[in-house]
Number of protein chains: 2
Amino acid sequence: MSQIDGNELRGHLETLVLAALSAGEAHGYEILQRLEARGEGVLHLKEGSLYPALYRLEEAGHVRAHWQDDAEGRRGPRRRIYQLTRKGKAELARRREHWRRFVSVVGGIVEASS
Amino acid sequence: MSQIDGNELRGHLETLVLAALSAGEAHGYEILQRLEARGEGVLHLKEGSLYPALYRLEEAGHVRAHWQDDAEGRRGPRRRIYQLTRKGKAELARRREHWRRFVSVVGGIVEASS
DNA sequence: TGGTTCTATTTAGACAGACTTGGTAGCATT
DNA sequence: AATGCTACCAAGTCTGTCTAAATAGAACCA
């Protein structure tokens, strides 16, 4: 089954990350797993793409991050927990609209009289 | 109205070009116009993107090109006419399938419980 | 005659963003 | 002690779309 190539994700990856976070806060690795789980076996993001995307989203004020307080509970690598800000939720709504237009326009051409 | 950015087109532009040519042979500029016409005002390809894409498609054997025979008819800049090869038609079919999967997977995540 | 606009192709270089690679580090399993 | 899984990060590569400019014929206007 043909995989979804990184090029095709360009300009959509941040939208995917925002959508993943709309299900609730998560740390980076968990976002990766959420997307992988919903990726129907053809979507495989890499850390090298995700973390820069998270930094961009954080800088833009769309997500907020904090180090997990591991006073009690798990022992393991430290985690940074990301969550949508109000601004990020609005951004996700805009991006959903934009996604629909993208699909409508490109899809309209690709599927024309096929 | 928000435009479709070049980044989002990455990995899809060649598919658009193949789809445009499935309506019949055309020269570069005409492909641009076809896509512009179907772009609902938000899709604007540039020559600097189209011609390299055409060269890639030609090299891959998906399109065939020839200089227009202007023995009679129009006088103006010379044109290169592009048409789908049999291989290109098969490629378009594959890419349509791939497009549907892409929309299904990414759309499924983006639209999840929205 | 020159100026502008539209058609049409070509190429050089800039750029953004997803990628690969490799590193750190803790814990669990073998 | 070695491997594998979790978890994060940095540096550099790649690629394809973009900007921008050059070239050039034809049509139109003044």
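First the proteins, then the strands, lettered A, B, ... as listed; each starts at 1.
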Starting from P on dG17(C), measure out to CD on Glu8(A) and report it in whole angstrom.
17 Å
Audit row: Val110(A), Leu18(B), side-chain contact (heavy atoms from CB on, under 4.5 Å) steps and yes/no
CA-CA 8 Å; Val110(A) 171; Leu18(B) 291 175; over 6 Å; no
Roughly, in whole Å, what's the span from NE2 in His27(A) to P in dT6(D)?
9 Å
Distance check needed: dT9(C) C1' versus Leu32(B) CG, whole Å only.
11 Å
Interatomic distance where CD belongs to Gln33(A) and P belongs to dT6(D) [whole Å]:
6 Å
For the residue pair Ile81(A) and Trp67(A), establish whether any side-chain heavy-atom pair is separated by less than 4.5 Å.
no
Out of dC9(D), dG16(D), dT10(C), minimum distance to the side chain of Tyr82(B) belongs to dT10(C)
Testing the basics here: between Glu58(B) and Ala65(B), what is the closest heavy-atom pair and its distance to 0.1 Å?
OE2-CB, 3.7 Å
Could you tell me whether the side chains of Gln68(B) and His27(B) share a donor-acceptor contact shorter than 3.5 Å?
no
Where the side chain of Lys87(B) meets the backbone of Ala60(B), is there a donor-acceptor pair that is under 3.5 Å apart?
yes
Ionic contact status for Arg101(A) with Glu40(B), cut-off 4.0 Å
no
How close or far is atom P of dT17(D) from atom CZ of Phe102(A), stated in whole angstroms?
12 Å
May I have the distance from His66(A) (atom NE2) to dC8(D) (atom P), rounded to whole angstrom?
12 Å
Could you tell me the separation between the NE2 atom of His12(A) and the P atom of dA16(C), rounded to a whole number of Å?
18 Å
I want to verify a distance call: between dC8(D), dT15(D), dA18(C), whose nearest atom is closest to the Asn7(A) side chain?
dT15(D)
Can you identify which nucleotide, out of dT7(C), dT10(C), dG16(D), has its nearest atom closest to the Tyr29(B) side chain?
dT7(C)
What is the minimum heavy-atom distance between Leu43(A) and Leu35(A), and which atoms define it?
CD2-O, 4.0 Å
Classify the side chain of Arg10(B) versus the base of dT15(D) as yes if they form a donor-acceptor pair under 3.5 Å and no if they do not.
yes
Interface with DNA chain D, restricted to residues 42-59 of chain B and to heavy atoms under 4.0 Å:
Lys46(B), Gly48(B), Ser49(B), Arg56(B)
